[in-house]
Amino acid sequence: MPKPPVSTPRNRTPDRRAALAQYRSRANGYDNELALFEPLRREAVARLNLGRGDTVLDVGCGTGLSFALLDDAVGHQGRIVGIEQCPEMMDKARERIAAQGWKHVSLVQAPAETAHLDELADAALFHFTHDVLQCPEAIANVLRHLKPGARVVATGLHWAPLWAWPVNLFVLGAALYSVTAMDGLGQPWSGLATQLDAFEVDDGAMMGGVYIATGTWRGAEHRGT
Ligand SMILES: C[S@@+](CC[C@H](N)C(=O)[O-])C[C@H]1O[C@@H](n2cnc3c(N)ncnc32)[C@H](O)[C@@H]1O
């Protein structure tokens, strides 16, 4: 059963302080809590269509649970850059990188809205990063760090159809525990949808309680067209 949230997330927009507190308290047990969603993670990484040598951004990377799958896809000649604002989650990611001896995985400890990277990436993953997706500045900053044509995949919780109300009880409990902006659970992908080409949403898994959205970054010169 989800534990009570650290703060009551009734904000319309993400609350950074509440999010930091939320994940500070979850960092130690986080990897076990996400086990149910591992098939979705595998599917999300597969849909990035990564190739050997690619650079991929793992936005809101948390403890780095996606790194091994990303590593399988890009190889040691590729690069994985984790962006994460919570120091305690970042510590776990650092431990994972050290334990694996990964030299091609780097971390940027910063909010996605202000993180600065030295190079443009071939792809970006937003796996269970609802708060990030509800922040237009964060989406804009991540897209600024992508090559035109970069593949973008986002996943997360989503209100299921009304008939699937038991699923929605689960979504409600999980969201209260893991996001600070309850707005946007109807179409969590909407901030990305207007920016990406070939945008598609698949919400067939877990009776509609989760989604995978995919698209291609059209490049800054086409922004808003
Ligand atoms: C549910 S966890 C997902 C972690 C990871 N993507 C995974 O799949 O396990 C959400 C993560 O997003 C981070 N986060 C939330 N808002 C953020 C922001 N604005 N910038 C960077 N990270 C953020 C949280 O600290 C947390 O680690």
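Whatever order the structure lists ligands and atoms in, that order sets their numbers, starting from 1.
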Quiz item: When only distance counts, is His127 in polar contact with ligand 1, meaning an N/O pair under 3.5 Å?
Solution: yes
Exercise. Enumerate the atoms of ligand 1 whose separation from the nearest heavy atom of Tyr23 is less than 4.0 angstrom.
Key: 1 (C), 2 (S), 10 (C), 24 (C), 25 (O), 26 (C)
Self-check item: For atom 5 (C) of ligand 1, the protein heavy atom that lies nearest, with its residue and separation
Solution: Gly60 O, 3.2 Å
Quiz item: Thinking salt bridges, do Glu43 and Arg47 make one under a 4.0 Å N-O criterion?
Solution: yes
Quiz item: Taking 4.0 angstrom as the limit, do Asp31 and Arg96 come out as a salt bridge?
Solution: yes
Practice problem: Considering heavy atoms of the protein only, find what lies nearest to atom 10 (C) of ligand 1 and give residue, atom and distance to 0.1 Å. | Solution: Phe128 O, 3.4 Å
Self-check item: Heavy atom of the protein closest to atom 3 (C) of ligand 1 (residue, atom name, distance)
Solution: Tyr30 OH, 3.0 Å
Quiz item: Within the distance-only criterion (no hydrogens, no angle test), does the side chain of Asp122 pair as donor or acceptor with the backbone N or O of Thr55 below 3.5 angstrom?
Solution: yes
Practice problem: Please work out whether the ring planes of His158 and Tyr211 are parallel, tilted or perpendicular, with thresholds of 30° and 60°. | Solution: perpendicular
Quiz item: Any non-hydrogen atom of Ala138 lying under 4.0 Å from ligand 1?
Solution: no
Quiz prompt | Nitrogen or oxygen of Ala19 less than 3.5 angstrom from that of ligand 1 | solution = no
Quiz item: Can an N or O of Asp131 be found at a distance shorter than 3.5 Å from an N or O of ligand 1?
Solution: no
Quiz item: Going by the order shown, which atoms of ligand 1 are within less than 4.0 Å of some heavy atom of Cys86?
Solution: 25 (O)
Exercise. From the options Glu84, Arg41, Gln85, Met89, select the one whose nearest heavy atom is closest to atom 24 (C) of ligand 1.
Key: Glu84
Self-check item: Heavy-atom donor-acceptor pair, Glu84 side chain to Leu107 backbone, under 3.5 Å
Solution: no
Quiz item: Is the NZ or CZ atom of Arg26 both under 6.0 Å from the centre of the six-membered ring of Tyr177 and within 45° of that ring's axis?
Solution: yes
Quiz item: Donor-acceptor pair, Asp58 side chain versus Gly64 backbone, under 3.5 Å?
Solution: no
Exercise. Measure the spacing between CG of Asp197 and CZ of Arg218 and express it to the nearest 0.5 Å.
Key: 4.5 Å
Quiz prompt | Heavy-atom gap Cys61 to ligand 1 smaller than 4.0 Å | solution = yes
Practice problem: Could you check atom 20 (N) of ligand 1 against the protein and tell me its nearest heavy-atom contact, residue, atom and distance included? | Solution: Ala112 N, 2.8 Å
Quiz item: Under 3.5 Å, is there a donor-acceptor pair between the side chain of Asp15 and the main chain of Thr180?
Solution: no
Self-check item: Contact partition for Glu113 relative to ligand 1, non-hydrogen atoms under 4.0 Å
Solution: side chain
